[in-house]
2 protein chains.
Amino acid sequence: MDINGPVESTVIEERPGRRRLPPQERRQQIIDGAVAFFAEVGFDGKTRDLAKRLGVTQSLLFNYFATKDELIEAVYEHVYLNRLAPDWPDRLTDRSVPLRDRLLAFYKEYSTLIFQYEWMRIFISSGLSGAELNRRYLKHLGELILKPVLHEIEFAARSDEVPTMEDIWNLHGGIVYIGIRQHIYRTPCPDDPSVAITRAVDRFLLAFGVEQG
Amino acid sequence: MDINGPVESTVIEERPGRRRLPPQERRQQIIDGAVAFFAEVGFDGKTRDLAKRLGVTQSLLFNYFATKDELIEAVYEHVYLNRLAPDWPDRLTDRSVPLRDRLLAFYKEYSTLIFQYEWMRIFISSGLSGAELNRRYLKHLGELILKPVLHEIEFAARSDEVPTMEDIWNLHGGIVYIGIRQHIYRTPCPDDPSVAITRAVDRFLLAFGVEQG
DNA sequence: AATCTTATTGAGCAAATGATCTATAATTCT
DNA sequence: AGAATTATAGATCATTTGCTCAATAAGATT
């Protein structure tokens, strides 16, 4: 017996006629669709194709976004927003936790966030087209994440060598490259990148004599 | 006194009228211009803009290439061709040379080849758009370069750990990422990447106990 | 049930764009 | 120098594409 409310509400209604949605909701639906669409075909994808995929008229898009560029801007914001969790700087510098654990926790969490089709492709596309948000994101990443990582490794280093910022970018790049191979090049990749990440982090720490438990 | 022939022949003639070139030469000129153009604006750049940059009519382009896609294909071939020097597999496996020297020689040579505006951007653009040449290139890279590198490091390894193919891709990705930051993200980068490369290679070799002179 | 509000549609415009075709003039050959 | 060849230009076509606007109907209100 169905006592938990209308299950049929979860069934997608294939009603071919027009479907009237609250503007807020429709706007979000368009953005979500646009993210998936532009990730797949690039920002030169045609608004008519996007509309067709949404099951909606092309002219409707321009009711919610004055221009295509404005829609793309909304896509940027939706994708870039909250990708850098605000608590990472604190967690990365919490010296009550072994540095290796902090780094592994960060990169495993971060990689599940960014090793996603839509993020990877929109990130690279927007980088290619010189989007301001892209440069801002990388600057934030450097300042809020990588620079603290540098200092933590410096602090924990037991060897005479100490890492440079370029070394940190190298560590980071090697890891990000997994996502690039997966979603940009569409090359065969390990299903679970965490072992490659672990090994990369361990090699890095080893080079600077950081204790690894 | 000018006795060494007509110097003025090296002066670029700003003749505004039509300039008739041998087809072979014009074709090459168009390809070269297209490489620079598409690298800058992406493959959705307009043929009219390309023609204007070349100082030539748009219709002329279609005299040399039946379609825009055919032109792009020619751009791919021009850019991808001979990027992987055929002697690297041999040089990388020449055990009369210390492994570290071989790796450093390869990556310094390879990085000067690929850390270039046009290559980097066309490589990434073509990867995004799923070009077949891109996947073929990466497959070749893996088979002809990275797999030998793996075996050489395995052979030279003095630690109990031995690298995996994923580790090699990680080494490679960390290095390539320099070029991505430079030309895709247009982020501040070291003028000379060779010190970062050297340090990355040394960290890698250290992790597997390879002698480093 | 009738009315009102407005989200959505469908037709269509103006500019952009890939591609075509004929006229023109640069270069070569005789 | 004149004729022949053909690389190039200029005009133009057929679609495509971002965008507009008046008409329509879905859902809320009374």
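In the text below, chain A, chain B and the rest are named by the order of the sequence lines, each starting its count at 1.
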Output the rounded distance in Å from [atom1] ([X]) to [atom2] ([N]).
X	N	atom1	atom2	value
B:L60	D:dA11	CG	C1'	16 Å
B:L61	D:dA9	CG	P	10 Å
A:F43	D:dT17	CZ	P	17 Å
A:E70	D:dT20	CD	P	11 Å
A:L21	C:dT8	CG	C1'	10 Å
A:E25	C:dT6	CD	P	18 Å
A:K46	C:dA15	NZ	C1'	14 Å
B:F62	C:dA19	CZ	C1'	5 Å

Original post:
Across the strands shown, which category fits B:P23 at heavy-atom distances under 4.0 angstrom: base, sugar-phosphate, nothing?
Top reply: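 Since only primed, P, OP1 and OP2 atoms lie under 4.0 Å of B:P23, the category is sugar-phosphate.
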
In terms of relative ring orientation, are [X] and [Y] parallel, tilted or perpendicular, with 30° and 60° separating the classes?
X	Y	answer
B:F43	B:F38	tilted
B:F208	B:F204	tilted
B:Y107	B:H172	tilted

Can a side chain N or O of [X] be found less than 4.0 Å away from OP1 or OP2 on [N]?
X	N	answer
A:Y64	C:dA7	no
B:S59	D:dA9	no
A:R26	C:dT8	yes

**OP:** Assign each of B:R20 and B:Q58 to its nearest nucleotide of DNA chain D by heavy atoms, then name whichever residue's nucleotide is nearer the 5' end.
**Re:** B:R20

Subject >> Donor-acceptor contact below 3.5 Å, side chain B:N134 vs main chain B:F123 >> reply: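 Side chain of B:N134 to backbone of B:F123, a donor-acceptor pair under 3.5 Å: yes, one is there.
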
Original post:
Is NZ or CZ of B:R26 both nearer than 6.0 Å to the six-membered ring centre of B:Y64 and within 45° of the ring axis?
Top reply: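 Output no; distance or angle outside limits.
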
Original post:
So, A:D69 and A:T67: side-chain donor and acceptor under 3.5 Å apart, yes or no?
Top reply: no

Original post:
Looking at DNA chain D, which of residues 28-37 of chain A put a heavy atom within less than 4.0 Å of it?
Top reply: none

Original post:
Roughly how far apart are A:S126 OG and B:I184 CD1, rounded to 0.5 Å?
Top reply: 11.5 Å

**OP:** Among the candidates C:dA19, D:dG18, C:dT9, find the nucleotide nearest to the side-chain atoms of A:T57.
**Re:**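 Nearest nucleotide to the side chain: C:dT9.
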
